[in-house]
Amino acid sequence: MPELPEVESVRRGVHEWTAGATITRAEVIDPRILGTTSQRRIAVGAEETFSRSLAGLRIVSAERRGKFMWLTLGESDPALSLLVHLGMSGQFRVQTAADEMHKHTRAIFHLERELGSDFTGSGSAGVGDAGRGPERFEMRFVDQRIFGHLGVQPLAWSHGRFVPASTTHIAADPLEPAFDFEAVVDRLTAKNTALKSALLDQSLVSGIGNIYADEALFRAGVHPLANPSRTRRSRLASVLESAILVMHDALQVGGTSFDSLYVNVNGESGYFDRALLAYGRGGQECVRCSTEIVRITVGGRGTHFCPNCQKSPRYR
DNA sequence: CCATGTCCCTGCAAGC
DNA sequence: TGCTTGCAGGGACATG
């Protein structure tokens, strides 16, 4: 499940491969990828509109806020972006036309890049031919569960920068200059819901998903059901700080599963060998105190915690 | 406005 | 063995 560190790893890979490249053709294999996550009804002609609006545009850069990623596009007025959300299982793969098509390929971006252009990539080994002329390759969007989403969006101002218009409600993430730690803690203190649910609220702070929420609460030693409005401000700050630290740690090792054919994102292996202390460890011993890690459901999400290290709040 | 519940989708595991 | 059922997850939307 890609959260901030994973999406950032993907963004870096996508940027290296595609910045400066031109989209010669955008091919939609499964139009459901163009719908929003809940509304799967696709407007008539959405595929054609999507493809037509991208054809011929140059990719300037890959950017990210929270779990949302987008490519800023040149030669368009107003400035457009290709919005990408990986959902649960979205992946980008850089391949050539000759490469075998993955079963869950939902869209293909045919790209072209002048050899010797100023792309900053880690190399084009294995992609394109060895001769002259533009280098041609494909960036394929693969998504097993179709919780991911692609869309063409104008850019709009939100929380200190331009972002795709449909994401203006998403808060700044902790890696952004606009992120205001104290302001987020202030807003957190007003929340009257499970602390874990508040951590997952992308309009409060973006980028934290189910895994890192559990890890942050474990690291800070705070119960997932604690009510923020009844919790000491210093404890809330500690949890938020832990979330930032654990995501930072994960990002440090997030770029592991790179090779010439992958733009990171190896849904199978890459995500799961992180040093997780709570998430997915239900029934196992706590690494700190050997108490059995408990699994409960909070806001419909699987939640893992140590009942000894993360004491139940007294008001419950 | 705020909090909670439901749905989207697929593959896998468990149960009959 | 082969079917059905339930679960996992992020975010939009509907409801309370």
Side-chain angles (χ1 to χ4, degrees), chain A residues 1-8 10 28-43 46 64-70 83-91 102-107 141-151 153 158 163-171 173 186-216 224-231 243 247 250 265-272 274 276 278-283 295-304 316:
Chain A
M1 300 118 264
E3 303 179 26
L4 186 154
E6 292 76 25
V7 179
E8 174 60 13
V10 173
V28 178
I29 309 292
D30 190 328
R32 291 176 298 177
I33 212 67
L34 301 179
T36 64
T37 45
S38 66
Q39 197 58 44
R40 287 291 164 195
R41 284 225 306 269
I42 312 303
R64 182 193 57 75
R65 162 168 280 172
K67 304 175 204 175
F68 287 84
M69 184 174 81
W70 63 92
L83 175 64
V84 178
H85 196 288
L86 299 176
M88 274 189 63
S89 53
Q91 304 179 0
H102 188 283
K103 181 182 175 184
H104 301 300
T105 304
R106 310 299 183 184
F141 186 69
V142 177
D143 185 10
Q144 179 192 103
R145 295 186 178 175
I146 322 186
F147 270 39
H149 165 78
L150 301 174
Q153 289 279 318
S158 172
V163 302
S166 62
T167 68
T168 52
H169 62 294
I170 300 296
D173 69 58
D186 281 345
R187 289 185 58 196
L188 205 47
T189 61
K191 288 284 184 178
N192 186 31
T193 183
L195 173 53
K196 171 162 176 181
S197 299
L199 292 175
L200 296 176
D201 181 350
Q202 304 296 302
S203 67
L204 181 63
V205 49
S206 68
I208 303 174
N210 202 39
I211 295 172
Y212 296 114
D214 279 4
E215 293 302 307
L225 291 176
N227 184 319
S229 69
R230 305 177 69 167
T231 303
M247 291 196 294
V265 194
N266 179 343
E268 278 75 68
S269 61
Y271 291 157
F272 296 104
R274 291 163 300 199
L276 300 178
Y279 184 83
R281 297 195 72 246
R295 184 188 185 281
I296 61 173
T297 298
V298 178
R301 301 286 175 250
T303 299
H304 314 74
R316 285 189 58 242

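Letters A, B, ... are given to chains in the order of the sequence lines, protein chains preceding strands, and every chain is numbered from 1.
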Practice prompt. Measure from CG on N210(A) to P on dA8(C) and round the result to the nearest Å.
Written response: 10 Å
Response to the item:
Contacts of H102(A) meeting ring-ring contact (aromatic ring centres under 6.0 Å, His included) (sequence neighbours excluded), chain-then-number -> H104(A)
Item to complete: For the pair Q202(A) (side chain) and G207(A) (backbone), establish whether a donor and an acceptor sit closer than 3.5 Å, ignoring hydrogens and angles.
Response: yes
Worksheet item: With sequence neighbours excluded, what pairs up with S206(A) under the side-chain hydrogen bond (donor to acceptor under 3.5 Å, both in side chains) test?
Response: none
Polar-atom pairs under 3.5 Å, protein N or O versus N or O of nucleotides 11-15 of chain B: list them with distances, or write none.
{"from": "dG11(B)", "atom 1": "OP1", "to": "H104(A)", "atom 2": "NE2", "distance (Å)": "3.2"}

Practice prompt. Rounded off to whole Å, could you give me the CE-to-P distance for the M88(A) and dT10(B) pair?
Written response: 13 Å
Discussion item. Side chain of R295(A), heavy atoms from C-beta onward: which of dA12(C), dA8(C), dG9(C) has the nearest atom to it?
Written reply: dA8(C)
Worksheet, complete the sentence: With sequence neighbours left out, the residues meeting salt bridge (Lys or Arg N to Asp or Glu O under 4.0 Å) with D143(A) are none
Worksheet item: Atom CE in M247(A), atom CG in D173(A): separation rounded to 0.5 Å?
Response: 7.0 Å
Item to complete: Go through the structure and list residues passing side chain to side chain contact (heavy atoms under 4.5 Å, CB included) with A107(A), not counting sequence neighbours.
Response: F109(A), F141(A), L150(A)
Item to complete: Would you kindly give the CZ-to-C1' distance between F141(A) and dC9(B), to the nearest whole Å?
Response: 13 Å
Discussion item. In whole Å, I'd like the distance from the CZ atom of F147(A) to the C1' atom of dC7(B).
Written reply: 8 Å
Worksheet, complete the sentence: Numerically ordered, the residues 200-209 of chain A set in heavy-atom contact under 4.0 Å with DNA chain C is Q202(A), G209(A)
Fill in: Residues in side-chain hydrogen bond (donor to acceptor under 3.5 Å, both in side chains) contact with S166(A), at least two apart in sequence or another chain
Q153(A)
Worksheet item: Are side-chain heavy atoms of L4(A) and I208(A) found at a separation under 4.5 Å?
Response: no
Discussion item. Can you list everything that forms a side-chain hydrogen bond (donor to acceptor under 3.5 Å, both in side chains) with K67(A)? Sequence neighbours excluded, please.
Written reply: none
Worksheet item: At under 4.0 Å, does any side-chain N or O of H169(A) touch on OP1 or OP2 of dA12(C)?
Response: yes
Item to complete: May I have all residue pairs that pass salt bridge (charged side-chain N to carboxylate O under 4.0 Å, His left out) and include part of residues 200-211 of chain A, sequence neighbours excluded?
Response: K191(A)-D201(A)
Worksheet item: Could you give the angle between the helix axes at the two ends of the helix from dC2(B)-dG16(C) to dC16(B)-dG2(C), with five pairs per end, rounded to 10 degrees?
Response: 60°
Practice prompt. Would you give the length of the straight line joining atom CG of D30(A) to atom CD1 of I146(A), rounded to the nearest 0.5 angstrom?
Written response: 4.5 Å
Worksheet, complete the sentence: dist H85(A):NE2 -> F68(A):CZ (nearest 0.5 Å) comes out at 4.0 Å
With 3.5 Å as the limit, what N/O pairs link the protein to nucleotides 2-5 of chain B?
{"from": "dA3(B)", "atom 1": "OP1", "to": "N192(A)", "atom 2": "N", "distance (Å)": "2.9"}
{"from": "dT4(B)", "atom 1": "OP2", "to": "T193(A)", "atom 2": "OG1", "distance (Å)": "2.5"}

Worksheet item: Nearest-Å distance, CG (D143(A)) to P (dG11(C))?
Response: 13 Å
Worksheet entry | Whole-Å gap separating P (dG11(C)) and CG (L4(A)) | 11 Å
Fill in: Integer-rounded Å distance: dA12(C) P and L34(A) CG
16 Å
Worksheet item: Are any of the side-chain heavy atoms of R64(A) and E8(A) separated by less than 4.5 Å?
Response: yes
Item to complete: Using whole Å, report how far CG of L150(A) lies from P of dC9(B).
Response: 16 Å
Worksheet item: Does dG9(C) have OP1 or OP2 sitting under 4.0 Å from an N or O in the side chain of Y279(A)?
Response: yes
Worksheet item: Mind checking what makes side chain to side chain contact (heavy atoms under 4.5 Å, CB included) contact with N192(A), not counting sequence neighbours?
Response: N227(A), S229(A)
Worksheet item: Of the nucleotides dT10(B), dC9(B), dA12(C), which one has an atom closest to the side chain of R106(A)?
Response: dT10(B)
